[in-house]
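Shown next, in structure tokens, is the structure this report addresses.
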Number of protein chains: 2
Amino acid sequence: MPDAAATRGLLLDAARELVAEHGTATSLREIARRAGVGIGTLYRHFPNREALLDALLHANFERLQGRAATLLGSPDPADALLTWLAELASGAATYDGLPESIMSALADESSPLYASCSQMKTAAGLLLRRAQEVGLVRADVTVGDAVALVLGLAWSGGRAGEASDLAARLLTR
Amino acid sequence: MPDAAATRGLLLDAARELVAEHGTATSLREIARRAGVGIGTLYRHFPNREALLDALLHANFERLQGRAATLLGSPDPADALLTWLAELASGAATYDGLPESIMSALADESSPLYASCSQMKTAAGLLLRRAQEVGLVRADVTVGDAVALVLGLAWSGGRAGEASDLAARLLTR
DNA sequence: ACCTGAACACCGTTCAAGT
DNA sequence: ACCTGAACACCGTTCAAGT
């Protein structure tokens, strides 16, 4: 009586370790090996790399989503936006290759990561619009620009504080 | 009587096309195929992907090097730095994956791309120091920071003008 | 239901063999 | 000298076969 839920857990544990060691492009075969499971079993649980990543990052996406909701109610719209973007940057810097994975997912509606990443982008859009309406952030910045910028900063490996500082200088007026 | 120089040219032509189409991580086998040459011949001319990329980018590196020398003599040190960094950004945006390749090369002395990339970094360092000495650019910025930032901006796909604008806001005081 | 692993079509890289 | 392509050790992905 194989326990599918337990198998799934083994796969996610192995994936967490190997993605932490070698980035989001790590070998799926090696994940299956470390989980002590056949390669077919990995595919049975996760149809592709993006689906596995989505499951791996689920908690992080939810946390960021919650933070956006909270910050939307905060009194300083510009600070709320910049705080959230800094948290996005540090989240995207969790794993090597993650900024790339997110950027690709945003450009591919059929990616299993698309829904989660799209929600992030929507959240960013709400925070951005609020800051722009009060005139605290340049009106010519699009959500796409802001997210690409922040992922680019995360990609280039600046510390979170630095990235936040940079984003502030870039977006505010 | 096979002409090695001609073969090399065929390989570089094929590489230019395929790297333009599919980025710096494109298949080396396919490059050999398009060049009408055996895979062993590709390896005989270029021991690995980075060596091929270095040959492909040689003219661009030389041009940037020349621009740095010129700009070092220009009257406005901050403008010279920002102009050069913008040109680096647009150069790095020539091929998909190129910012990644450059960043990796800078972190690996044994890479065939290391020498060229290192020279770029040195040139950036001279321009940066000059701007800092006049107090036009923040003193806490290192060459590594500046280059990583610019490559990150190139990676995230902003237009050249935008990237230049961003770099200016980030570095100047 | 759930899992396995051989099979397929690809890689990058090396190297004996051909001209 | 220069080139070739089989060979090796890896991939991602699928799917018939096992329990």
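Each chain gets a letter, A, B and so on, in the order the sequences are listed, and its residues count up from 1. All values below come from the heavy atoms of this structure, side chains included, with hydrogens, waters and symmetry mates left out.
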query: If you pin B:Thr41 and A:Gly40 to their nearest nucleotides in DNA chain D, which one's is more 5'?
result: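 With B:Thr41 and A:Gly40 compared, the 5'-side residue is B:Thr41.
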Test your reading of the model: is there a side-chain donor-acceptor pair from [X] to the backbone of [Y], 3.5 Å cut-off?
X: A:Ser116; Y: A:Leu113; answer: no
X: A:Thr70; Y: A:Gly66; answer: yes
X: B:Arg49; Y: B:Thr24; answer: yes
X: B:Arg34; Y: B:Ala15; answer: no
X: B:Thr26; Y: B:His22; answer: no
X: B:Thr94; Y: B:Gly91; answer: yes
X: A:Ser74; Y: A:Leu71; answer: yes

[atom1] of [X] versus [atom2] of [N]: gap in Å, rounded?
X: A:Leu42; N: C:dT4; atom1: CG; atom2: P; value: 11 Å
X: B:Asp3; N: D:dC2; atom1: CG; atom2: C1'; value: 11 Å
X: B:Arg44; N: C:dA17; atom1: CZ; atom2: C1'; value: 14 Å

Give each protein N/O atom lying under 3.5 Å from an N/O atom of nucleotides 10-12 of chain C, with the pair distance.
| from | atom 1 | to | atom 2 | distance (Å) |
| --- | --- | --- | --- | --- |
| C:dC11 | OP1 | B:Arg33 | NH2 | 3.4 |
| C:dC11 | O5' | B:Ser27 | OG | 3.4 |
| C:dG12 | OP1 | B:Leu28 | N | 3.0 |
| C:dG12 | OP1 | B:Arg49 | NH2 | 3.4 |
| C:dG12 | OP2 | B:Leu28 | N | 3.2 |
| C:dG12 | OP2 | B:Arg29 | N | 3.2 |
| C:dG12 | N7 | B:Arg29 | NH1 | 2.5 |
| C:dG12 | O6 | B:Arg29 | NH1 | 2.9 |

task: Map every base of DNA chain D to its dot-bracket character, where paired means a Watson-Crick or G-U wobble contact with both distances under 3.5 Å and | marks a partner outside the strand.
output: ||.|||||...|||||.||
field: By side chain to side chain donor-acceptor pair (under 3.5 Å) - contacts of A:Gln65 (at least two apart)
entry: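 Per chain and number, A:Gln65 pairs via side chain to side chain donor-acceptor pair (under 3.5 Å) with no residue.
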message: If the condition is side chain to side chain donor-acceptor pair (under 3.5 Å), which residues does A:Arg67 pass it with, not counting sequence neighbours?
response: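 Checked A:Arg67 against side chain to side chain donor-acceptor pair (under 3.5 Å); matches are A:Glu87.
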query: Do B:Asp54 and B:Phe46 come within less than 4.5 Å of each other through their side chains, counting heavy atoms only?
result: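 In short, these two side chains do not touch, never coming nearer than 4.5 Å.
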message: A side-chain contact here means heavy atoms from C-beta on lying under 4.5 Å apart; do B:Leu136 and B:Asp79 qualify?
response: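 A side-chain contact is absent here, since even the closest heavy-atom pair is not under 4.5 Å.
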- prompt: Do any of residues 104-117 of chain B sit with a heavy atom less than 4.0 Å from DNA chain D, and if so which?
  reply: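 Contacting residues: none.
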- prompt: Between residues 4-21 of chain B and DNA chain D, which residues have a heavy-atom gap below 4.0 Å?
  reply: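 Heavy-atom contacts with DNA chain D come from B:Ala4, B:Thr7.
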task: Determine the sole option in B:Leu56, B:Leu28, B:Val37 for which the side-chain contact (heavy atoms from CB on, under 4.5 Å) test with B:Leu11 is passed.
output: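 Single pass found, and it is B:Val37.
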- prompt: Would one find more than 12 heavy atoms of other residues, nucleotides or ligands at under 6.0 Å from atom CZ of B:Arg16?
  reply: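 Yes - once you tally the heavy atoms of other residues, nucleotides and ligands closer than 6.0 Å, there are more than 12.
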- prompt: If we take the P atom in both D:dT13 and C:dC2, what is their distance in whole Å?
  reply: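 The answer is 22 Å between these two P atoms.
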message: Looking at A:His45, I'd like to know whether one of its side-chain N or O atoms comes within less than 4.0 Å of OP1 or OP2 on C:dC2.
response: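 So the side-chain polar atoms of A:His45 never come under 4.0 Å of the phosphate oxygens OP1 or OP2 of C:dC2.
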